[in-house]
K.L.:
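Quick one: structure below, then a few questions.
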Amino acid sequence: MSTSDPSQVAVPSREGVAALPATDSSRRRFLTQGASLAGTLAAASAAATASAQSVPPWMTVPGAPMRGYGTPSKFEAGVKRPFASGYASVSPATGSSRTPHQSLEGTITPNGLHFERHHNGVPDIDPGKHELLIHGMVNRPLVFNLAALSRYPMISRTHFIECAGNSGANARPKPVQGTAGALHGLASTSEWTGIPLALLLNEAGIAPDARWILAEGADSAAMSRSVPLSKAMDDAMVALYQNGERVRPEQGYPMRLLLPGWEGNMNVKWLRRIKVTDGPAHTKDETSKYSDLQPDGKARQFTFELGVKSLITFPSYGHKLDRRGWYELTGIAWSGAGRISKVEVSADGGTNWREAALQGPILSKSFTRFRLPWDWNGESALLQSRATDEKGNVQPTRQAFVSQYVVGMNYHNHYIQTWAIAADGSISNVFA
Ligand SMILES: Nc1nc2c(c(=O)[nH]1)N[C@H]1C(S)=C(S)[C@@H](COP(=O)(O)O)O[C@H]1N2
Ligand SMILES: [Mo]
């Protein structure tokens, strides 16, 4: 496949791109300069749509009544989490569902579309009977029910959660064809509200030689992970609310551990126990999995912080460009190390790059939306995005990432995704 002229990612005012932080500015520039160059944008001319002025059927009858809890329009029924069970015959509730990034905008994942990863299904927890125990190397063990926890001061923070297995399909020998959500949908962002874990640990009183905690869930997998005490005392949270409402059953109702920027598995759902310890417990969930195998035969014991990453959500697999001309290319970027500082976009497989506009607010360990006007010349192109975070970490190429591990290592994958645009406007996943 031949690559197209790199200048097709160019925007009329190069300076404007870096200087304009907001979507509005990006959109305006796109509309004014894009439209003036390209003639018309997407709107049909008024003459062609005279029917717009006739009375549509929904204006002739009273509308539907109020509802206790709203749902999306029936016309959006196709926007769903694709899901699969890894062990369908023995445990159909063990598996994952994925956020359909290709259909979403902004940075907050709607609660009904937050990805799911369950090791033995969603437990049916009665919140009145659920308890959280803090014990181990503490001065006084404490037990909290939901009512007691709700009396503590709370904070709200917007953070992504990403499974260590996200983008694992890109570790296969040949590119798997799938939507942005099917390939990279084990990552979602919510505004989480809860109690800083440090507050609860301090109340229990931590012994001087304590270094780690063990966190355990109340599901029938009793999933548990070891977490360094330094993280527990830093920005860890016992989350009770997700985007304003109680945490969904799929996300850990009535409470989950939130470890901003660290691999999804450690964010223990249905949290029931925290044991303060002097070392990692080496549970089944942190030894058989998530330990990345290197070419020398040694595995990395732990990879907690997730790498800097980005994903073009439009255009991506499943979309079709129906004509040449101006499009707003957009996507999300995130890093376990902090804020996103830059996202660059290439249309020629990584030879030439243009800086995209970042939409504020740019939050730490959260999705950041990027946008770039793109004039598609109707030829084949290789679209890529490359994120940089505030610590200077740069998203690696496929080659740089895979060379660190044995072939097929499918955890913690954050290499640059390539979408190939064919001359007919169809889009596929390719390795570049
Ligand atoms: N108790 C418990 N906690 C759990 C899991 C689980 O199966 N049981 N899955 C883990 C994994 S592997 C991930 S990636 C995240 C997924 O969180 P989500 O389902 O809310 O997206 O939860 C983690 N916490
Ligand atoms: Mo996970």
Side-chain angles (χ1 to χ4, degrees), residues 125 127 129-161 164 192-219 221-242 247 251-287 289-291 300-306 336-338 364-365 391:
I125 296 180
K129 295 187 179 141
H130 180 82
E131 288 180 335
L132 169 62
L133 170 68
I134 298 186
H135 69 145
M137 297 174 71
V138 294
N139 296 337
R140 44 177 198 145
L142 297 173
V143 62
F144 304 89
N145 61 22
L146 192 58
L149 269 185
S150 300
R151 296 182 60 182
Y152 283 80
M154 298 202 209
I155 52 167
S156 296
R157 298 280 185 273
T158 300
H159 291 301
F160 74 83
I161 295 180
W192 302 96
T193 300
I195 299 127
L197 180 57
L199 200 66
L200 305 177
L201 289 173
N202 279 333
E203 188 172 358
I206 303 161
D209 355 332
R211 294 289 177 272
W212 289 71
I213 63 166
L214 173 71
E216 181 186 74
D219 50 339
M223 221 216 64
S224 62
R225 286 294 306 257
S226 305
V227 182
L229 188 60
S230 52
K231 179 68 172 178
M233 298 301 286
D234 179 17
D235 57 357
M237 179 200 290
V238 176
L240 306 179
Y241 294 86
Q242 174 185 1
V247 166
Q251 265 68 62
Y253 182 85
M255 59 189 71
R256 85 175 301 160
L257 181 61
L258 189 77
L259 299 175
W262 285 25
E263 66 178 355
N265 187 261
M266 305 175 79
N267 294 254
V268 174
K269 303 190 280 191
W270 316 294
L271 183 66
R272 72 185 290 263
R273 189 164 73 97
I274 287 179
K275 185 177 185 186
V276 180
T277 62
D278 56 2
H282 301 297
T283 72
K284 68 182 187 318
D285 303 299
E286 61 195 8
T287 45
K289 297 186 279 293
Y290 316 116
S291 38
R300 290 201 174 150
Q301 185 180 20
F302 296 124
T303 301
F304 295 149
E305 186 182 288
L306 291 168
S364 182
K365 306 170 189 175
K391 301 273 165 59

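Any value given below was found using the heavy atoms of this structure, including those in side chains, with hydrogens, waters and symmetry copies removed. Keep in mind it's a predicted model, so treat the numbers as computed, not measured.
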K.L.:
Hey, does V268 have a side-chain heavy atom less than 4.5 Å from the side chain of E216?
P.N.:
no
K.L.:
In a check of side chain to side chain contact (heavy atoms under 4.5 Å, CB included) between I206 and each of N139, I134, I213, L201, which one passes?
P.N.:
L201
K.L.:
Report yes if some heavy atom in the side chain of F302 is under 4.5 Å from a heavy atom in the side chain of P280; otherwise report no.
P.N.:
yes
K.L.:
Describe, in one word, how the ring planes of W212 and F304 are oriented to each other, choosing from parallel (under 30°), tilted (30 to 60°) and perpendicular (over 60°).
P.N.:
perpendicular
K.L.:
Hey, are the side chains of V238 and L258 touching, using non-hydrogen atoms and a 4.5 Å cut-off?
P.N.:
no
K.L.:
Does NZ or CZ of R256 fall inside the cone over W192's six-membered ring, less than 6.0 Å from its centre and within 45° of the axis?
P.N.:
yes
K.L.:
Would you please classify the geometry between the F144 ring and the Y152 ring as parallel, tilted or perpendicular, with 30° and 60° separating the classes?
P.N.:
perpendicular
K.L.:
I'd like to know if E305 pairs up with K231 as an ion pair, taking the criterion as any Lys NZ or Arg NE/NH1/NH2 lying under 4.0 Å from an Asp or Glu carboxylate oxygen.
P.N.:
no
K.L.:
Could you check if a side-chain atom of I125 sits within less than 4.5 angstrom of a side-chain atom of W270, using non-hydrogen atoms only?
P.N.:
yes
K.L.:
Take Q301 and S291, measure what side chain to side chain donor-acceptor pair (under 3.5 Å) needs, and give me the verdict at the end.
P.N.:
CA-CA 5 Å; Q301 185 180 20; S291 38; over 6 Å; no
K.L.:
Decide yes or no for M266 and L257: does some side-chain heavy atom of the first lie under 4.5 Å from some side-chain heavy atom of the second?
P.N.:
no
K.L.:
Do H130 and R272 have side-chain N/O donor and acceptor atoms under 3.5 Å apart?
P.N.:
no
K.L.:
Please determine whether salt bridge (Lys or Arg N to Asp or Glu O under 4.0 Å) holds for the pair R157 and D235, giving the CA-CA distance in whole Å, both sets of side-chain angles, and the decisive distance to 0.1 Å.
P.N.:
CA-CA 10 Å; R157 298 280 185 273; D235 57 357; over 6 Å; no
